[in-house]
S.K.: 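Below is one structure. I have some questions about it.
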Amino acid sequence: MTPICERIRQISEHIAAVAQRAGREPGLVRLMAVSKTVPPELVRAAMDCGQTLFGENYLQEAQEKIPRLGHGASWHFIGHLQSNKCRDIAALFDTVESVDRLKPARRLDEAAAALGRGLNILVQVNIGEEPQKAGVMPQETGMLLEAIRSACPHLHCLGLMALPPHFDDPEASRPYFRMLREMGKEYAQRELFSNNQQVELSMGMSGDYEAAIEEGATIVRVGTAIFGARPPKGAER
Ligand SMILES: *Cc1c(COP(=O)(O)O)cnc(C)c1O
């Protein structure tokens, strides 16, 4: 077994164990392999050992990788969303997790309409209300969900995504995960998602995914723990 395979297997088992311990259905927590800056050969190695969900942050990088790797996997866009890139993003990805404004949502909707299909999205919430960070502010999230629902018929909004403020202690992320879960619950009651019985919560990364699962994550986004450390920022594209 390759080292990547071994790590995916260990993390998957750990995810299932944490879910079980928290009284949750293990099948409802999916592992996303975050493959930004990871060369295609290593992504292929992950696919070969059964990994089917991947996340990419950069359109240009994804345009080089995804067509080569084929569509045997599900690709989620998790990077900063620029309106002028929405058409290409909609063509390449099956889910966009980083929708945080109406303008790019409209662009994604137009692109999906032109492609003659629907597009899954999550709304990214700036759960720590950090000025420099992407995501809609918590108090504006309900309004954005309502606007998307009425203006973007080709978008299927499946849930919420968040990146809590970075702390060294994973327990420090827990209150933010809990907040996102409560928001999901409230908006499901208001029927703002496509499927209000099963709301997606994309939260938790290599350092804090256990706490995220305990607080209700349905997708954990894990990069470093699978593929190893990335080149420092600036060295990457
Ligand atoms: C890079 C990235 C991740 C993965 O982070 P790791 O700490 O390497 O697991 C998860 N989510 C988003 C949005 C990212 O950009």
Side-chain angles (χ1 to χ4, degrees), residues 3-4 6-12 14-15 18 29-39 42-43 45-46 51-62 65-66 73-82 85 89 92-101 104 120-130 132-136 141 158-174 176-177 179-180 200-237:
I4 282 183
E6 184 65 33
R7 288 198 287 268
I8 287 174
R9 194 181 57 84
Q10 280 171 0
I11 293 168
S12 300
H14 190 53
I15 287 171
V18 174
V29 186
R30 289 189 290 159
L31 170 62
M32 173 196 291
V34 176
S35 48
K36 62 177 170 228
T37 78
V38 175
L42 292 188
V43 180
Q51 178 63 32
T52 55
L53 174 57
F54 293 87
E56 288 280 344
N57 292 59
Y58 308 106
L59 174 62
Q60 197 190 336
E61 182 185 340
K65 273 151 90 171
I66 296 177
S74 172
W75 295 88
H76 287 201
F77 184 74
I78 59 172
H80 178 60
L81 195 57
Q82 292 168 273
K85 301 207 169 145
I89 288 171
L92 205 53
F93 290 87
D94 54 68
T95 303
V96 179
E97 296 202 2
S98 43
V99 175
D100 61 357
R101 285 165 297 133
N120 294 332
I121 65 159
L122 305 185
V123 162
Q124 181 176 355
V125 181
N126 187 348
I127 197 73
E129 305 189 35
E130 299 168 275
Q132 77 287 5
K133 221 175 217 173
V136 60
T141 305
L158 303 181
L160 304 174
M161 182 270 241
L163 267 132
H166 188 76
F167 291 105
D168 292 332
D169 172 15
E171 281 306 309
S173 299
R174 187 183 296 277
Y176 296 101
F177 295 146
M179 239 187 282
L180 198 73
E200 296 278 6
L201 294 176
S202 175
M203 56 188 196
M205 318 205 300
S206 293
D208 57 11
Y209 71 83
E210 279 192 29
I213 293 167
E214 287 164 358
E215 299 302 332
T218 63
I219 298 173
V220 291
R221 306 181 309 267
V222 178
T224 314
I226 294 174
F227 296 112
R230 288 181 292 273
K233 268 226 168 67
E236 63 183 48
R237 283 169 304 167

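We count ligands from 1, going down the list as the structure has it; atoms in each ligand are counted the same way. For this chain, numbers begin at 1 and follow the sequence in order. When reading the values below, keep in mind they use all heavy atoms of this one structure, side chains included, and skip hydrogens, waters and symmetry mates.
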S.K.: Please step through ring pair (Phe, Tyr, Trp, His ring centres under 6.0 Å) for the pair W75 and F54, ending with a clear verdict.
M.R.: CA-CA 5 Å; W75 295 88; F54 293 87; 5.2 Å; yes
S.K.: What atoms of ligand 1 come within less than 4.0 Å of a heavy atom belonging to N57?
M.R.: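 Those atoms are 14 (C), 15 (O).
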S.K.: Could you identify the single nearest non-hydrogen protein atom to atom 9 (O) of ligand 1 and state the distance to 0.1 Å?
M.R.: S206 OG, 2.5 Å
S.K.: Against heavy atoms of T224, which atoms of ligand 1 measure under 4.0 Å?
M.R.: 6 (P), 7 (O), 8 (O), 9 (O)
S.K.: Would you mind listing which atoms of ligand 1 come within a distance below 4.0 Å of any non-hydrogen atom of G223?
M.R.: 4 (C), 6 (P), 8 (O), 9 (O)
S.K.: In sequence, state the C-alpha distance, the side-chain angles, and the governing distance for E61 and K36, and then conclude on salt bridge (Lys or Arg N to Asp or Glu O under 4.0 Å).
M.R.: CA-CA 8 Å; E61 182 185 340; K36 62 177 170 228; over 6 Å; no
S.K.: When you check the side-chain N and O atoms of T218 and E200, is any donor under 3.5 Å from an acceptor?
M.R.: yes
S.K.: Using 0.5 Å steps for rounding, measure from the CD1 atom of I8 to the CG atom of L31.
M.R.: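 That separation rounds to 7.0 Å.
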S.K.: Would you mind finding which of H166, K36, M205 brings a heavy atom closest to atom 14 (C) of ligand 1?
M.R.: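 Selected option, by shortest heavy-atom distance: K36.
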S.K.: Considering both backbone and side-chain atoms of L163, is one of its nitrogen or oxygen atoms within less than 3.5 Å of a nitrogen or oxygen in ligand 1?
M.R.: no
S.K.: So for M32, does at least one of its heavy atoms come nearer than 4.0 angstrom to any atom of ligand 1?
M.R.: no
S.K.: Closest non-hydrogen protein atom to atom 11 (N) of ligand 1, residue and atom name please, with distance?
M.R.: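 So the nearest neighbour among protein heavy atoms is R221 NE, 2.8 Å.
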S.K.: Return the minimal non-hydrogen interatomic distance between I11 and Y209, and the atom names on each side.
M.R.: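 What the structure gives for the nearest pair is CG2-OH, 3.7 Å.
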S.K.: Before you tell me yes or no, could you show the steps for H80 and S98 under side chain to side chain contact (heavy atoms under 4.5 Å, CB included), namely the whole-Å CA-CA distance, both residues' side-chain angles and the distance that decides it to 0.1 Å?
M.R.: CA-CA 7 Å; H80 178 60; S98 43; over 6 Å; no
S.K.: May I ask you to list the atoms of ligand 1 that are less than 4.0 angstrom from any heavy atom of V222?
M.R.: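 Within the 4.0 Å cut-off of V222, ligand 1 contributes 9 (O).
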